[in-house]
Student: 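Below is the structure I would like to discuss, written out as structure tokens.
Letters A, B, ... mirror the listed sequences (proteins, then strands); counts begin at 1. Because only heavy atoms are used, hydrogens play no part in the values below, and waters and symmetry mates are left out as well, while side chains stay in.
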2 protein chains.
Amino acid sequence: MAETPYAPARIRALPSWLLGRAAARGHRLVAEALAEEGMRMMHHAVLSAVGELGPVSQAELGRSVGIDPKDMVAVVNDLQADGLVTRTPDPRDRRKNAIEISAAGERTLRRTEKLGDRANDELTAGLTPAEREQLMALLARVAEPGEAGAEQTGRE
Amino acid sequence: MAETPYAPARIRALPSWLLGRAAARGHRLVAEALAEEGMRMMHHAVLSAVGELGPVSQAELGRSVGIDPKDMVAVVNDLQADGLVTRTPDPRDRRKNAIEISAAGERTLRRTEKLGDRANDELTAGLTPAEREQLMALLARVAEPGEAGAEQTGRE
DNA sequence: CTGTTATCGTTGGGGCATCCAACGGTTCGC
DNA sequence: GCGAACCGTTGGATGCCCCAACGATAACAG
């Protein structure tokens with residue numbers, strides 16, 4: 001074998017390290033894929049959340065995908081500028097904005113979902129479907145330690 | 001609050017998403033643990049690499065842990081300022097700096113390794129040792145897909 | 001009704017990790 | 001020798017996360 005600059009074994013043996021590397025690769029693959037549609041990860045996540053939850057307030061959206069309200073403002077601004085979502089004042093609560101996906105947003109979402117799935121397939125290309133399921137199950141338990149009932153506000 | 005802000009199923013079902021969440025938690029736990037010694041993740045990783053590889057150039061270090069040369073400069077600066085490593089010009093190649101761990105570096109490394117291990121134990125507290133090994137094996141295959149040729153080029 | 005408390009959207013700032021482009025100094029291949 | 005490649009270094013850009021504050025609005029207690 002050539003003298004590859006191997007990562008030190010000590011570090012490599014740490015779950016957090018491997019987790020970070022794998023996540024970095026996943027992030028890169030997905031980001032590259034979504035870039036084909038001019039989308040970014042958070043934007044896609046938010047758009048998907050809007051499409052799934054229906055008309056929602058920004059605060060609720062932020063809690064659902066776990067991002068800061070500050071960043072949510074920018075994301076919704078972009079999505080609205082691209083005509084992917086509509087932001088209308090909620091008549092029943094004038095503090096809120098009702099975010100809803102548009103027809104164009106639905107179309108874009110369908111494309112970006114395909115791209116995201118494809119990137120994730122590439123990410124897990126070395127795994128069998130069963131192994132992928134296994135990985136997902138293990139990751140879920142590592143990402144959310146408590147998670148017994150799961151009805152609670154899973155805030156991080 | 002009946003409405004739980006659960007993450008949309010669409011997004012949650014993606015390995016890249018779960019990977020990111022799990023990595024974020026791991027990162028946070030390890031960072032908090034290392035902060036007890038005033039250390040940060042990259043610093044610890046580099047220090048560990050130096051201790052394992054012996055006298056080594058910064059470029060080689062950067063390749064081994066997969067970080068940018070720019071950031072490596074800052075890391076080595078900090079480590080040197082804390083007296084944890086020595087940076088001496090390589091007489092055989094005056095472009096290179098020979099980075100070597102110091103006695104104080106060894107001591108600090110032993111402590112931070114304990115802290116890192118402890119944080120990783122907490123991270124994987126919900127898993128049995130066998131499951132943890134399983135997770136590591138799966139992650140390794142996801143993080144480094146090719147792995148056969150041991151191709152150079154650092155990363156992507 | 002009035003005053004207090006809480007939420008919502010928004011703006012501002014900071015910290016941390018990753019990445020790319022460039023440059024002078026040095027070594028290596030031809 | 002001379003161009004190509006590498007090394008350390010500097011500069012800048014980006015993305016993600018967290019905290020604090022503000023005006024407007026709503027919910028609630030009195």
Student: Quickly work out the B:R21 CZ to D:dC17 P distance and round it to whole Å.
Tutor: 7 Å
Student: Is there a path of hydrophobic side-chain contacts, each under 4.5 Å between heavy atoms of I, L, V, M, F, W or Y residues, that connects A:V85 with A:V73?
Tutor: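 They do not share one cluster, since no chain of ILVMFWY contacts under 4.5 Å joins A:V85 to A:V73.
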Student: Enumerate all atom pairs, one protein N or O and one N or O from nucleotides 12-15 of chain D, separated by less than 3.5 Å.
Tutor:
residue: D:dG15; atom: OP1; partner: A:R40; partner atom: NH1; Å: 2.9
residue: D:dG15; atom: OP2; partner: A:R40; partner atom: NH1; Å: 3.4

Student: Under the rule for side chain to side chain contact (heavy atoms under 4.5 Å, CB included), what residues qualify as partners of A:D68, not counting sequence neighbours?
Tutor: A:K70, A:D71
Student: Can you tabulate the close N/O pairs, meaning under 3.5 Å, that link protein atoms to atoms of nucleotides 1-7 of chain D?
Tutor:
residue: D:dC6; atom: O2; partner: B:R95; partner atom: NH1; Å: 3.0
residue: D:dC7; atom: OP2; partner: B:R63; partner atom: NH1; Å: 3.4

Student: Any donor and acceptor pair, going by atom type alone, linking the side chain of B:S48 with main-chain N or O of B:A45 inside 3.5 Å?
Tutor: no
Student: Report the nucleotide, chosen from C:dC20, C:dT27, D:dC17, that has the shortest atom-to-atom distance to any side-chain atom of A:M42.
Tutor: D:dC17
Student: Tell me the interatomic distance from A:I67, atom CD1, to D:dC19, atom P, rounded to whole angstroms.
Tutor: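 Result: 15 Å.
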Student: Check the distance between C:dA17's C1' and B:D78's CG and give it to me in whole angstrom.
Tutor: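 That distance rounds to 14 Å.
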Student: Go through the structure and list residues passing side chain to side chain contact (heavy atoms under 4.5 Å, CB included) with A:R87, not counting sequence neighbours.
Tutor: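 Side chain to side chain contact (heavy atoms under 4.5 Å, CB included) check on A:R87 returns A:Q58, A:V76, A:N77, A:Q80, A:N97, A:I99.
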Student: List for me each residue that meets side chain to side chain contact (heavy atoms under 4.5 Å, CB included) alongside A:H43, sequence neighbours excluded, and say none if there are none.
Tutor: A:M39, A:R40, A:V75, A:D78, A:L79
Student: Expressed as a whole number of angstroms, how long is the span from B:D90:CG to C:dC28:P?
Tutor: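 One finds 11 Å between P of C:dC28 and CG of B:D90, rounded.
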Student: Could you say whether A:R94 or A:D68 is positioned toward the 5' end of DNA chain D, judged by the nucleotide with the nearest heavy atom to each?
Tutor: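 Mapping each residue to its closest nucleotide by heavy atoms, the 5'-most match is A:D68.
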Student: Does B:R87 have a side-chain nitrogen or oxygen under 4.0 Å from the phosphate oxygens OP1 or OP2 of D:dT9?
Tutor: yes
Student: Report the residues that fulfil salt bridge (charged side-chain N to carboxylate O under 4.0 Å, His left out) with A:E100, sequence neighbours left out, ordered by chain and then residue number.
Tutor: none
Student: For B:L61 and D:dT9, give me the distance from atom CG to atom P, rounded to whole Å.
Tutor: 12 Å
Student: Rounded to the nearest Å, what distance is computed from the CZ atom of residue A:R28 to the P atom of nucleotide C:dT18?
Tutor: 13 Å
Student: Not counting sequence neighbours, which residues clear salt bridge (charged side-chain N to carboxylate O under 4.0 Å, His left out) with A:R94? List them please.
Tutor: none
Student: Who pairs with A:R132 by salt bridge (charged side-chain N to carboxylate O under 4.0 Å, His left out), at least two apart in sequence or on another chain?
Tutor: A:D121
Student: Using atom CD of A:Q80 as one end and atom P of C:dG9 as the other, report the distance to the nearest whole Å.
Tutor: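 Those two atoms, CD and P, are 13 Å apart.
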Student: Report the residues that fulfil salt bridge (charged side-chain N to carboxylate O under 4.0 Å, His left out) with A:D90, sequence neighbours left out, ordered by chain and then residue number.
Tutor: A:R92
